[in-house]
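First up is the structure itself, then whatever we jot down about it.
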Amino acid sequence: MEFTPVFFLLFLSCLHGVISDSRYFTSMFTFGDSYIDTGNFVIMAAPAVPVWQDKPPYGMTFFGHPSGRISDGRVIVDFIAEQLGLPLLRASLQNNSDVSKGVNFAVGGATAIDVSFYERNLIVQFKLLNNSLNVQLGWFERLKPSICNTTKGCRDRFSKALFFVGEFGVNDYSFIWSAGKTEDEVRSYVPKVVQKIAMAVERLINEGAAYLVVPGNPPNGCSPAMLTLHSSLNRTENYDYIGCLKDINRVARRHNALLRAAIAALRVKYPHTTIIFADFYHPIISILQMPNRFGVTGANGLRACCGGGGKYNWNTSIVCGMPGVAACKNPSAFVNWDGVHFTEAIYRYIAKGWLHGPFADPPILSAIRH
């Protein structure tokens, strides 16, 4: 193919626009749970809680060794950072000396609602790590003097940063499901979870954040862990045509609908702030609907790549990272990595959809104002 001079100049102009847009942000600050954690859980949990995520085969695909990420390689925010020309975010609990390019506050197991609520109401029967959204915001506040020195300086700095608030909610609902609650009971918590997320977004806006990405919930009813834990209720009417649990996914969709509404209200209240809803649900569903199109064999759509066996290759007593538990040879042919989290290939696909569309409203790169 030959470029005519006019077409070539036009091509260069368009390419320059893409490059300049992707280099607009000077830093990233991320809050969330294990879907985007880059090491905080491993640091926070050990030695109080047995940790297997810091052992092979975690990290096998990209890093060649465990990196603190709960996947075979990179997670969504890694791909976003690479597109923006930023370094991969280090975990906040690593006590980094240089935080000028951003920090990742996300922790595996994090909830939107404070953990004391679940402990006080006996929804969980064990001590939780104190890593909720509100706690992560507190870490951010304490780190601010290392990032900026004055109110104006902070507002200027944060106006050129990209903030991620989430995903949050999956752990909240998982704890409630595990307590034996009905679908209606779990749904009753959704407004409270969404309110906590909206309050966090507003708090960051008041700190000077001008660009915020707020991911919704993935279809947790398709995860090998949930499918295994709920297999005792193995009735055909409980499953959709893909093989996912209908009730759990209905709660996820309800969460996403209320979160979209909350974001719409915040956009009205803060018209000069860009708040992006990132769809975590439909990318996964689209792959599970047509797995072969994405290089996933149909049988592996709902099975974990790394696990201890069983119908979905997941069980509570033999998990990924334990001695003798092997991973599949090709994680990119699987949707799920360890029964709960996704493979690097899936995270790459989601990140692309958030950056360029169609899985973000608006797509991150098209939302940049000039």
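Residue numbers run from 1 in the order of the sequence given.
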Answer yes when Glu82 and Arg74 have at least one side-chain N-carboxylate O distance shorter than 4.0 Å, and no when they do not.
yes

Under a single-linkage definition using a 4.5 Å side-chain heavy-atom cutoff for Ile, Leu, Val, Met, Phe, Trp and Tyr, are Met226 and Val340 assigned to the same hydrophobic cluster?
no

Have a look at Thr38 and tell me which of Thr30, Asn104, Asp78 forms a side-chain hydrogen bond (donor to acceptor under 3.5 Å, both in side chains) with it.
Asn104

Dump the intermediate steps for disulfide bond (SG atoms under 2.5 Å apart) on Cys306 and Cys328, then the final yes or no.
CA-CA 6 Å; Cys306 181; Cys328 60; over 6 Å; no

Could you check whether any side-chain N or O of Asn217 sits under 3.5 Å from a backbone N or O of Glu167, counting only pairs where one atom can act as donor and the other as acceptor?
no

Please answer whether the main-chain N or O of Gly108 pairs with a side-chain N or O of Asn131 as donor and acceptor at a distance below 3.5 Å.
yes

Is the shortest distance from a Lys or Arg side-chain nitrogen in Lys160 or Asp156 to a carboxylate oxygen in the other one below 4.0 Å?
no

Can you give me the closest heavy-atom contact between Pro224 and Arg303, atom names plus distance?
CG-C, 4.0 Å

side-chain hydrogen bond (donor to acceptor under 3.5 Å, both in side chains), that's the test. Do Ser71 and Arg69 meet it? Break it down for me.
CA-CA 6 Å; Ser71 181; Arg69 292 158 177 79; over 6 Å; no

Going by distance alone, is a donor N or O of one side chain under 3.5 Å from an acceptor N or O of the other, for Ser332 and Asn330?
yes

What is the distance from atom CG of Asp172 to atom CH2 of Trp177, rounded to the nearest 0.5 Å?
14.0 Å

Within a strict 4.5 Å, meaning less than it, do heavy atoms of the Val335 and Asn300 side chains meet?
no

Audit row: Glu207, Lys144, side-chain contact (heavy atoms from CB on, under 4.5 Å) steps and yes/no:
CA-CA 10 Å; Glu207 293 280 358; Lys144 272 175 58 181; 2.6 Å; yes

Given side chains that start at C-beta, do those of Thr274 and Leu212 come closer than 4.5 Å, heavy atoms only?
no

Compare every heavy atom of Ser146 with every heavy atom of Val99, then report the nearest pair and how far apart it is.
CG2-O, 3.8 Å

Is it the case that the side chain of Tyr312 and the backbone of Gly339 share a donor-acceptor pair, with hydrogens and angles ignored and the cut-off at 3.5 Å?
no

Show every donor-acceptor pair shorter than 3.5 Å between a side-chain atom in residues 49-64 and any protein atom, with sequence neighbours excluded, or say none if there are none.
residue	atom	partner	partner atom	Å
Lys55	NZ	Val51	O	3.0
Tyr58	OH	Asp338	OD2	2.8
Thr61	OG1	Asp72	OD2	2.4

Any donor-acceptor pair under 3.5 Å linking the side chain of Asn249 with the backbone of Gly221?
yes

Specify whether Phe105 and Phe29 have parallel, tilted or perpendicular ring planes, treating 30° as the upper limit for parallel and 60° as the lower limit for perpendicular.
parallel

Is the closest side-chain heavy-atom distance between Val77 and Met28 below 4.5 Å?
yes

Could you tell me whether a side-chain N or O of Asn313 sits under 3.5 Å from a main-chain N or O of Gly309, the two making a donor and an acceptor?
yes

Over 12 non-hydrogen atoms of neighbours within 6.0 angstrom of CZ in Arg120
yes

Applying side-chain contact (heavy atoms from CB on, under 4.5 Å) to Val103 and Arg90, what does each step give before you reach the verdict?
CA-CA 6 Å; Val103 182; Arg90 299 185 66 182; over 6 Å; no

Search all heavy atoms of Tyr173 against all heavy atoms of Val186 and return the closest pair with its distance.
CD2-CG1, 4.1 Å

Hey, is the main chain of Ala304 close enough, under 3.5 Å, to the side chain of Asn336 for a donor-acceptor pair?
no

Tyr211 and Phe163: ring-ring contact (aromatic ring centres under 6.0 Å, His included), yes or no, with the steps?
CA-CA 6 Å; Tyr211 293 90; Phe163 286 80; 10.0 Å; no

Do you know the tightest heavy-atom contact between Tyr270 and Ile205?
CD2-CG2, 3.6 Å

Residue among Phe280, Tyr349, Tyr281 satisfying ring pair (Phe, Tyr, Trp, His ring centres under 6.0 Å) with Phe359:
Tyr349

Walk me through whether Asn134 and Ser132 qualify under side-chain hydrogen bond (donor to acceptor under 3.5 Å, both in side chains).
CA-CA 5 Å; Asn134 197 48; Ser132 67; 5.7 Å; no

Could you check if a side-chain atom of Leu229 sits within less than 4.5 angstrom of a side-chain atom of Trp314, using non-hydrogen atoms only?
yes

Could you check if a side-chain atom of His255 sits within less than 4.5 angstrom of a side-chain atom of Arg187, using non-hydrogen atoms only?
no

Cluster link Ile70 to Leu88, ILVMFWY, side chain under 4.5 Å:
no

Between atom OG1 of Thr228 and atom NZ of Lys311, what is the distance when rounded to the nearest 0.5 Å?
9.0 Å

With Lys192, which residues qualify under salt bridge (Lys or Arg N to Asp or Glu O under 4.0 Å), at least two apart?
none

Pair Glu185-Thr182, side-chain hydrogen bond (donor to acceptor under 3.5 Å, both in side chains): steps then yes or no
CA-CA 5 Å; Glu185 288 174 316; Thr182 65; 3.3 Å; yes

Using a 3.5 Å distance criterion without hydrogens, assess whether the side chain of Gln136 forms a donor-acceptor pair with backbone atoms of Phe31.
no

When clusters are formed by joining ILVMFWY residues with side-chain heavy atoms under 4.5 Å apart, either directly or through shared neighbours, do Val165 and Val115 land in the same one?
yes

Side-chain H-bond candidate by donor/acceptor type, Thr111 with Asn171, under 3.5 Å
no

Taking the side chain as everything from C-beta on, heavy atoms only, tell me whether Asp361 gets closer than 4.5 Å to Asp279.
no

Measure the shortest side-chain to side-chain distance between Ile350 and Ile284 over non-hydrogen atoms and say whether it is less than 4.5 angstrom.
yes

Heavy-atom count around Arg250 CZ within 6.0 Å, excluding the residue itself: above 12?
yes

Please answer whether the main-chain N or O of Gly32 pairs with a side-chain N or O of Asp37 as donor and acceptor at a distance below 3.5 Å.
no

Does the distance from a Lys or Arg side-chain N to an Asp or Glu carboxylate O, for Lys269 and Glu202, drop under 4.0 Å?
yes

Please determine whether salt bridge (charged side-chain N to carboxylate O under 4.0 Å, His left out) holds for the pair Glu344 and Arg348, giving the CA-CA distance in whole Å, both sets of side-chain angles, and the decisive distance to 0.1 Å.
CA-CA 6 Å; Glu344 180 187 84; Arg348 178 190 289 110; 3.4 Å; yes

SG of Cys305 to CH2 of Trp337: how many Å apart, nearest 0.5 Å?
5.0 Å

Closest non-hydrogen contact found for Val319 with Val325 is O-CG2, 3.4 Å

Using modelled atom types and a 3.5 Å cut-off, is there a donor and acceptor pairing between side-chain atoms of Asn315 and backbone atoms of Gly308?
yes

Should Tyr35 and Val75 count as side-chain neighbours, where that means a heavy-atom distance under 4.5 Å?
no

Flag yes if Phe334 and Leu227 sit in one hydrophobic cluster, no otherwise; membership is Ile, Leu, Val, Met, Phe, Trp, Tyr, and two members link when side-chain heavy atoms are under 4.5 Å apart.
no

Honestly curious: do Leu204 and Ile368 fall in one hydrophobic cluster under the side-chain, below-4.5 Å linking rule?
yes

Does Ser27 have any side-chain hydrogen bond (donor to acceptor under 3.5 Å, both in side chains) partners at least two apart in sequence or in another chain, and if so, which?
none

So, for Pro363 and His356, which heavy atoms are closest and what is the spacing to 0.1 Å?
CB-C, 3.6 Å

Quick one: does Gln83's side chain have a donor or acceptor within less than 3.5 Å of a partner on Ile80's backbone?
no

